[in-house]
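Quick notes on the structure that follows.
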Amino acid sequence: QVQLVESGGGMVQAGDSLRLSCAFSGRTFSSYTMGWFRQAPGKERKFVATIVWSNGVTAYADSVKGRFTISRDSARNTVYLLMNSLKPEDTAVYYCAASRAAYSESYYYTHQDVYDYWGQGTHVTVSS
């Protein structure tokens, strides 16, 4: 059973940076595509970023492109989300997710349904 534990959330001001971490355990990390999603208050959970297991290809939501960077450290079984130039609209609970799917195209991993495991989430609040 895969376990995902997010950390790194907090309260920051607009323009600040944060790095979220997601520790993966229970299976072979390199076989899973990892993704980040977020859910703002009163809204549906939405895709943020993904990094494909087989080729390291990344994809981002338009709203975070150029500001956020997803990366993975296989030695530490951890995926990161570096968030720069944060805006109040980035305020949300951020969830880490893992997918066993074999797709090599990042498009498939922008959809929540393809993910098999989810973390509990970490809160990010950005004040103006």
Side-chain angles (χ1 to χ4, degrees):
Q1 183 76 8
V2 170
Q3 290 188 325
L4 302 172
V5 180
E6 302 99 332
S7 62
M11 297 179 64
V12 297
Q13 293 187 329
D16 286 350
S17 298
L18 273 178
R19 189 180 76 162
L20 305 183
S21 300
C22 173
F24 175 105
S25 63
R27 289 291 186 271
T28 303
F29 180 60
S30 59
S31 299
Y32 287 76
T33 288
M34 302 300 295
W36 286 97
F37 289 76
R38 67 185 182 185
Q39 186 168 19
K43 297 189 177 181
E44 296 182 349
R45 189 165 58 187
K46 294 185 177 180
F47 167 76
V48 175
T50 186
I51 183 164
V52 179
W53 71 279
S54 58
N55 52 26
V57 169
T58 59
Y60 299 91
D62 288 343
S63 58
V64 307
K65 203 171 292 184
R67 299 188 298 123
F68 290 13
T69 303
I70 187 171
S71 62
R72 61 194 296 160
D73 184 339
S74 295
R76 291 181 168 82
N77 285 359
T78 300
V79 62
Y80 302 100
L81 184 68
L82 176 61
M83 306 184 294
N84 294 324
S85 303
L86 282 162
K87 303 176 182 180
E89 50 263 45
D90 294 319
T91 294
V93 178
Y94 283 73
Y95 296 92
C96 173
S99 172
R100 297 173 296 180
Y103 304 117
S104 57
E105 298 84 6
S106 61
Y107 165 79
Y108 294 100
Y109 300 103
T110 65
H111 300 281
Q112 299 185 52
D113 292 349
V114 78
Y115 291 87
D116 303 288
Y117 302 99
W118 293 83
Q120 293 301 307
T122 185
H123 290 257
V124 173
T125 302
V126 184
S127 60
S128 57

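In this text, all values refer to a predicted model and were calculated from it rather than measured experimentally.
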Straight-line distance of [X] [atom1] to [Y] [atom2], nearest 0.5 Å:
{"X": "Ile51", "Y": "Thr33", "atom1": "CD1", "atom2": "OG1", "value": "9.0 Å"}
{"X": "Arg72", "Y": "Met34", "atom1": "CZ", "atom2": "CE", "value": "6.5 Å"}
{"X": "Ile70", "Y": "Leu82", "atom1": "CD1", "atom2": "CG", "value": "11.5 Å"}
{"X": "Leu81", "Y": "Thr50", "atom1": "CG", "atom2": "OG1", "value": "11.0 Å"}

Does anything in residues 65-89 pair up under ring pair (Phe, Tyr, Trp, His ring centres under 6.0 Å), and if so which pairs, sequence neighbours excluded?
->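 Sorted pair list comes back empty.
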Sequence neighbours excluded - ring pair (Phe, Tyr, Trp, His ring centres under 6.0 Å) pairs with any residue from residues 47-67 =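 Every ring pair (Phe, Tyr, Trp, His ring centres under 6.0 Å) pair that includes a residue of residues 47-67, provided the two are not neighbours, is Phe37-Phe47.
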Which pairs count as side chain to side chain donor-acceptor pair (under 3.5 Å) when at least one residue sits in residues 116-126, sequence neighbours excluded?
->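 Residue pairs with at least one partner in residues 116-126: Arg100-Asp116.
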Please, which pairs that meet side chain to side chain donor-acceptor pair (under 3.5 Å) have at least one residue in residues 6-30, sequence neighbours excluded?
->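 Listed once each, the pairs are Ser17-Asn84.
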Cluster check [X], [Y]: I/L/V/M/F/W/Y, side chain < 4.5 angstrom:
{"X": "Trp36", "Y": "Phe29", "value": "yes"}
{"X": "Val52", "Y": "Val48", "value": "no"}
{"X": "Val57", "Y": "Val114", "value": "yes"}
{"X": "Val93", "Y": "Leu4", "value": "no"}

[X]: partners by side chain to side chain donor-acceptor pair (under 3.5 Å), with sequence neighbours left out:
{"X": "Arg67", "value": "Asp90"}
{"X": "Arg76", "value": "Asp73"}
{"X": "Tyr32", "value": "none"}
{"X": "Lys43", "value": "none"}

For Glu105, which residues count as a side-chain contact (heavy atoms from CB on, under 4.5 Å) partner, sequence neighbours excluded?
->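 Applying side-chain contact (heavy atoms from CB on, under 4.5 Å) to Glu105 gives Tyr103, Tyr108.
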Go through the structure and list residues passing side-chain contact (heavy atoms from CB on, under 4.5 Å) with Glu89, not counting sequence neighbours.
->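 side-chain contact (heavy atoms from CB on, under 4.5 Å) list for Glu89, sorted by chain: Lys87.
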Closest approach of Gly9 to Leu20 (non-hydrogen atoms, all atoms of both residues) =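 That would be N-CD2, 3.6 Å.
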Where is the tightest heavy-atom contact between Ala101 and Tyr109, given as atom of each residue plus distance?
->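 Ala101 and Tyr109 have their closest heavy atoms at O-OH, 3.0 Å.
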Can you tell me if Ser128 uses its side chain to pair, donor with acceptor, with the backbone of Pro88 under 3.5 Å?
->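 Checked: no pair found.
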Do side-chain atoms of Tyr95 reach the backbone of Gln39 as a donor and acceptor pair under 3.5 angstrom?
->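 No, the answer is negative, given that no donor and acceptor are paired below the 3.5 Å cut-off.
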Quick one: salt bridge (Lys or Arg N to Asp or Glu O under 4.0 Å) partners of Asp113, sequence neighbours excluded?
->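 Partners of Asp113 by the salt bridge (Lys or Arg N to Asp or Glu O under 4.0 Å) criterion come out as none, since no residue qualifies.
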Are any of the side-chain heavy atoms of Val64 and Met83 separated by less than 4.5 Å?
->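 Not in contact.
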Disulfide bond (SG atoms under 2.5 Å apart): pairs with one or both residues in residues 77-128, sequence neighbours excluded =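 Of all non-adjacent pairs touching residues 77-128, those that pass disulfide bond (SG atoms under 2.5 Å apart) are Cys22-Cys96.
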